[in-house]
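Notes follow once the structure below has been shown.
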Amino acid sequence: MQKITSRFALTKISIDKDKCVDCHLCEKHCPMDIKLLSYKNEGKRNLSTECIICATCANVCPKDAIKLTMKFDFGNLIEELNYKS
Ligand code: SF4
Ligand code: SF4
């Protein structure tokens with residue numbers, strides 16, 4: 001159920017690419033094993049429906065590059081539909 005609602009969540013984890021130094025600490029500590037840097041490299045927020053917004057990644061980031069941001073998007077729903085078509 002949470003996976004469905006997370007697609008439409010306004011609040012998601014976002015990495016500031018100008019601050020990030022690719023140390024991978026955020027990924028190493030993520031309890032859900034989310035590949036945060038893949039989203040950053042694609043210029044996207046963390047669109048994973050596995051994210052539980054625990055903020056562990058933000059707390060371990062030595063560059064203060066990770067924030068919770070509010071924005072209107074549909075998660076990866078559009079991409080998934082494109083893959084199926
Ligand atoms: S908020 Fe928690 S679950 Fe979500 S990406 Fe960060 S560490 Fe992983
Ligand atoms: S912990 Fe911070 S600086 Fe390190 S890779 Fe993650 S976002 Fe970038």
Side-chain angles (χ1 to χ4, degrees):
M1 197 62 182
Q2 185 184 352
K3 285 171 73 79
I4 295 170
T5 56
S6 68
R7 291 174 191 269
F8 303 99
L10 296 180
T11 305
K12 292 186 175 76
I13 292 290
S14 179
I15 296 179
D16 184 336
K17 63 179 173 51
D18 294 326
K19 289 183 178 178
C20 177
V21 293
D22 291 319
C23 68
H24 289 261
L25 275 176
C26 51
E27 291 187 347
K28 286 177 187 162
H29 286 83
C30 175
M32 304 306 287
D33 199 27
I34 294 169
K35 303 305 175 198
L36 285 151
L37 297 181
S38 297
Y39 289 109
K40 182 206 74 168
N41 292 335
E42 292 175 6
K44 297 175 181 174
R45 299 196 296 167
N46 172 17
L47 300 179
S48 171
T49 55
E50 300 292 325
C51 180
I52 55 174
I53 315 285
C54 65
T56 300
C57 52
N59 291 333
V60 299
C61 177
K63 295 296 180 180
D64 197 27
I66 303 179
K67 302 281 185 212
L68 268 175
T69 59
M70 289 195 70
K71 188 176 167 185
F72 185 76
D73 59 31
F74 291 108
N76 59 2
L77 181 60
I78 293 171
E79 288 176 65
E80 287 185 5
L81 288 175
N82 286 338
Y83 291 145
K84 288 173 186 168
S85 61

* Structure fact -> Rounded to the nearest 0.5 angstrom, the CD1-CG distance for Ile15 and Leu36 is 5.0 Å
* **Under the side chain to side chain donor-acceptor pair (under 3.5 Å) test, residues paired with His24 that sit two or more places apart** => Glu27
Could you pull out all donor-acceptor pairs under 3.5 Å where a side-chain atom in residues 51-66 meets a protein atom, sequence neighbours excluded?
residue, atom, partner, partner atom, Å
Asn59, ND2, Ala55, O, 3.2
Asp64, OD1, Lys67, NZ, 3.2
Asp64, OD2, Lys67, NZ, 3.2

* Which atom names give the shortest non-hydrogen contact between Cys23 and Lys28, and what distance separates them? -> O-NZ, 4.1 Å
* Structure fact -> Rounded to the nearest 0.5 angstrom, the CG-NZ distance for Leu10 and Lys71 is 11.5 Å
* With Asp22 via side chain to side chain contact (heavy atoms under 4.5 Å, CB included) - residues at least two apart -> Cys20, Leu37, Lys40
* Asked: Linking I/L/V/M/F/W/Y whenever any side-chain heavy atoms sit under 4.5 Å apart, do Met32 and Leu68 land together?
  -> yes
* Asked: Distance from Cys30 atom SG to Asn46 atom CG, nearest 0.5 Å?
  -> 7.5 Å
* **Beyond-backbone contact of Thr11 with Thr69, side-chain heavy atoms, under 4.5 angstrom** => no
* Is there a side-chain contact between Leu47 and Tyr39 (heavy atoms, below 4.5 Å)? -> yes
* Structure fact -> Contacts of Asp33 meeting side chain to side chain donor-acceptor pair (under 3.5 Å) (sequence neighbours excluded), chain-then-number -> Lys35
